[in-house]
Each structure stands twice: as structure tokens, then as C-alpha cells.
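Quick caveat: nothing in here was measured; it's all calculated off a predicted structure. Side-chain atoms are counted along with the backbone in the values below, which use heavy atoms only and exclude waters and symmetry mates.
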Amino acid sequence: MRLHHFLGLLLALAAVALHAAADVPLRIAGVENDEGTERYYEVVVREAYRRIGQPIELTFMPAARGLTAANTGKSDALLARLPVIEEAFANMRRVPTSIGPMTFLAVSMKPSLEIRNWEDMRTLSIAVRRGYRIAEIKTAGMNVSLVDSYESMFRMLAQGRVDVVVIREPGVSPTLRALKSARVLNGTETFRSVVLEYLPAYHYINVERSHLIGPLDQALKAMTKEGFLERALRDARGGN
């Protein structure tokens, strides 16, 4: 009888511990100063965690810092990244179902520039966000300035210090509106954007939290089937 009571106590304590663990927010690192793009991913990821009953805490930080924080366990997850990170950040695990597209655009103020792909920028001066691994890899060996924010990038572009900037999409319009509100742009500039590459983006979790991958993947599959991701993407693009 004593053994029975002891086992019952252990089970009760285990249940309390699991409940307490579920109440602890999972720490997710997003990319700061990328309002339009990150907002779309945030809507999708928040809904996926809501469906599995896991609270989250989202912190925005520089892209490179977010990678290091999640890989070392200071954060538990990355909001949205590409598989190119996996070799360098070995503690990160991908949730298999994509959370939507990540499109890279080349934006310039010179209509005469002929840009169709990454290689066409080899003779140009380029600004790229530090920590956007695919952009860093694709522009390796080119005349690249690595910066920490879109604010710095577009200021350099407006001042003629670079020919082109590389940004992520969806959400270009909200990002440009935010830069105008911050007076980085005055609203009279004319930009030309060209798609460089379309890639599927994924949510990444530190290996210590990998038990959440299965439930999250099922939630994302259901959300995709329901059209949730498509609606969120349409909203991020301003309803277009």
C-alpha cells in the first residue's frame, strides 16, 4: 500500500511539473527592424503555438544575434529562417512544414540597372542585412556592406553610398511606411525592386525543445489546408 501511495505521489508530481513546464513561455528570437516580413511570420507562428497550448515570448533582435542566441539556448527558437543556417547552427531543428515564402528582392533607385539575379549585382555596391545567411552567401566576393537594419540600408541607398539593397519580402510596403514614419525616407523616393529568389521559410527550434516539432508540424499542416497561411500572406501584402 505504501508503494502504491509512493507511485501515486510520483505521478502527481510529474503531472504538476509537466503543467508548470507548459506554462513557461517558449522564447522565440525574431529579427528587429523588419516589421513587414516578421509580422507575417509572427501571425503564423503565434497561431501554431496557440493551437498546441504552448505560450510564447517573442523578442526581436539583430538577425545574427538571434541565430547565436537560439543555437546556444539563450532563446528556444527562431521565428523564421532558411535551411542554409543548419550547418553552422547545429543545435537548431527545423519544423518540416514551411511557414510561408521568404522572397529576396534587390531594390535600387537607378532604373537603368539591369538586375535579374544575384550574379547581375557583381559589379555593383550592395547593402545586405547582417545575419541573413542566404544573402551573405549569394553575395560572397561582391562589394557588400553588412548592416544591422533596414534603416541603415535605405539611408545608404538614398545617399548614393550603395547601388542596391537586398531585402526580404513579404511586407515591403509596411517596412517602407515605417521608414517614412522614422524620417529615414521622405516619401518622394522612387524605388525599383526585382525578385532575386523565392525560398520556403521554416520555424526552427533548439534541440532541447524538439518534442514540440511534431505537434507544431501538425498544427501548421492544418493551418495550410485551412488557408490560414494564404490569408496571412495576403494581409501582409496589404490585401493584394
Side-chain angles (χ1 to χ4, degrees), residues 28-45 58-70 75 78-82 84-85 99-111 113 115 118 120-121 124-140 142-199 201 232-233 235-238 240:
I28 300 176
V31 178
E32 68 180 9
N33 300 319
D34 195 351
E35 292 86 354
T37 308
E38 293 294 277
R39 174 58 182 159
Y40 161 72
Y41 298 129
E42 179 183 353
V43 168
V44 172
V45 170
L58 183 58
T59 302
F60 293 98
M61 60 186 73
R65 187 189 305 169
L67 286 168
T68 301
S75 294
L78 293 164
L79 184 61
R81 294 293 175 133
L82 300 173
V84 70
I85 73 165
I99 59 174
M102 187 179 291
T103 305
F104 285 88
L105 305 177
V107 180
S108 71
M109 298 178 68
K110 299 178 179 180
L113 293 181
I115 302 173
W118 296 98
D120 284 344
M121 299 191 297
L124 306 176
S125 56
I126 312 160
V128 170
R129 285 286 295 266
R130 183 178 284 106
Y132 285 0
R133 296 285 294 174
I134 189 69
E136 292 178 3
I137 291 169
K138 293 286 189 175
T139 58
M142 299 185 191
N143 181 15
V144 175
S145 297
L146 293 177
V147 297
D148 288 322
S149 71
Y150 281 157
E151 179 176 340
S152 297
M153 290 171 66
F154 276 91
R155 183 174 284 117
M156 293 171 71
L157 186 63
Q159 293 173 350
R161 293 161 56 195
V162 294
D163 298 313
V164 61
V165 298
V166 176
I167 67 173
R168 298 190 309 174
E169 200 269 343
V172 174
S173 295
T175 297
L176 292 178
R177 284 197 298 270
L179 291 170
K180 289 175 185 176
S181 296
R183 300 184 183 279
V184 175
L185 304 175
N186 60 33
T188 64
E189 297 89 352
T190 300
F191 298 104
R192 177 174 178 264
S193 64
V194 177
V195 173
L196 294 171
E197 193 164 1
Y198 292 99
L199 296 164
L233 182 59
D235 291 343
R237 288 173 170 163
N240 297 321

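- Atoms CG and OG1, on Leu79 and Thr59 in that order, are 11.0 Å from each other to the nearest 0.5 Å.
- Under the side-chain contact (heavy atoms from CB on, under 4.5 Å) test applied with Val31, the options Tyr150, Tyr41, Tyr132 reduce to a single match, Tyr132.
- A 4.5 Å side-chain heavy-atom check between Val84 and Ile137 finds at least one atom pair inside the cut-off.
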Criterion side chain to side chain contact (heavy atoms under 4.5 Å, CB included) on Glu32 and Ser149, from CA distance to verdict: CA-CA 8 Å; Glu32 68 180 9; Ser149 71; over 6 Å; no
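- Judged by distance alone, the side chain of Thr139 and the main-chain N or O of Met142 form no donor-acceptor pair under 3.5 Å.
- Between the side chains of Ser125 and Asn143, no donor N or O sits under 3.5 Å from an acceptor N or O.
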Evaluation steps, side chain to side chain contact (heavy atoms under 4.5 Å, CB included), between Val128 and Val147: CA-CA 6 Å; Val128 170; Val147 297; over 6 Å; no
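- Nearest approach of Met102 to Ala80, heavy atoms of both residues: CE-O, 3.9 Å.
- When side chains are defined from C-beta on, Leu199 does not count as touching Pro101, because their heavy atoms never get closer than 4.5 Å.
- Atom CG in Leu113 sits 5.5 Å away from atom CG in Leu124 (nearest 0.5 Å).
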From CA spacing to verdict: side chain to side chain contact (heavy atoms under 4.5 Å, CB included), Ile126, Val162: CA-CA 6 Å; Ile126 312 160; Val162 294; over 6 Å; no
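- Of all heavy-atom pairs spanning Val166 and Ala135, the tightest one is CG1-CB, 4.3 Å.
- Of all the heavy atoms in Ala127 and Met153, the pair that sits closest is O-CE, 3.4 Å.
- For the pair Val164/Val107, no side-chain contact is recorded, criterion being any heavy-atom separation below 4.5 Å from C-beta on.
- Sorted by first and then second residue, the salt bridge (charged side-chain N to carboxylate O under 4.0 Å, His left out) pairs with a member in residues 178-199 read Lys138-Glu197; sequence neighbours excluded.
- Residue Met121 holds its CE atom at 10.5 Å from OG of Ser108, rounded to the nearest 0.5 Å.
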Phe191 and Leu185: CA distance, side-chain angles, deciding distance, side chain to side chain contact (heavy atoms under 4.5 Å, CB included) verdict: CA-CA 11 Å; Phe191 298 104; Leu185 304 175; 3.9 Å; yes
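- In the displayed structure, Arg130 atom CZ is contacted under 6.0 Å by more than 12 heavy atoms of other residues, nucleotides or ligands.
- In terms of heavy-atom proximity, Leu82 sits nearest to Ala201 at CD2-CA, 4.1 Å.
- Residues Asp148 and Arg129 form no side-chain contact, since every pair of their non-hydrogen atoms from C-beta on lies 4.5 Å or further apart.
- Taking every heavy atom of both residues into account, Tyr40 and Ala236 meet most closely at CB-CB, 3.7 Å.
- From Lys110, atom NZ reaches atom OG1 of Thr190 across 14.5 Å, with rounding to the nearest 0.5 Å.
- In plain terms, the two heavy atoms of Thr103 and Tyr198 that are nearest each other are OG1-CD2, 3.2 Å.
- The distance from atom CD1 of Ile115 to atom CG of Asp163, rounded to the nearest 0.5 Å, is 8.0 Å.
- Cation-pi geometry between Arg168 and Phe104 is not satisfied (NZ or CZ under 6.0 Å from the ring centre, within 45° of the ring normal).
- Between the OG atom in Ser75 and the CG atom in Leu58 there is a gap of 9.5 Å [rounded to 0.5 Å].
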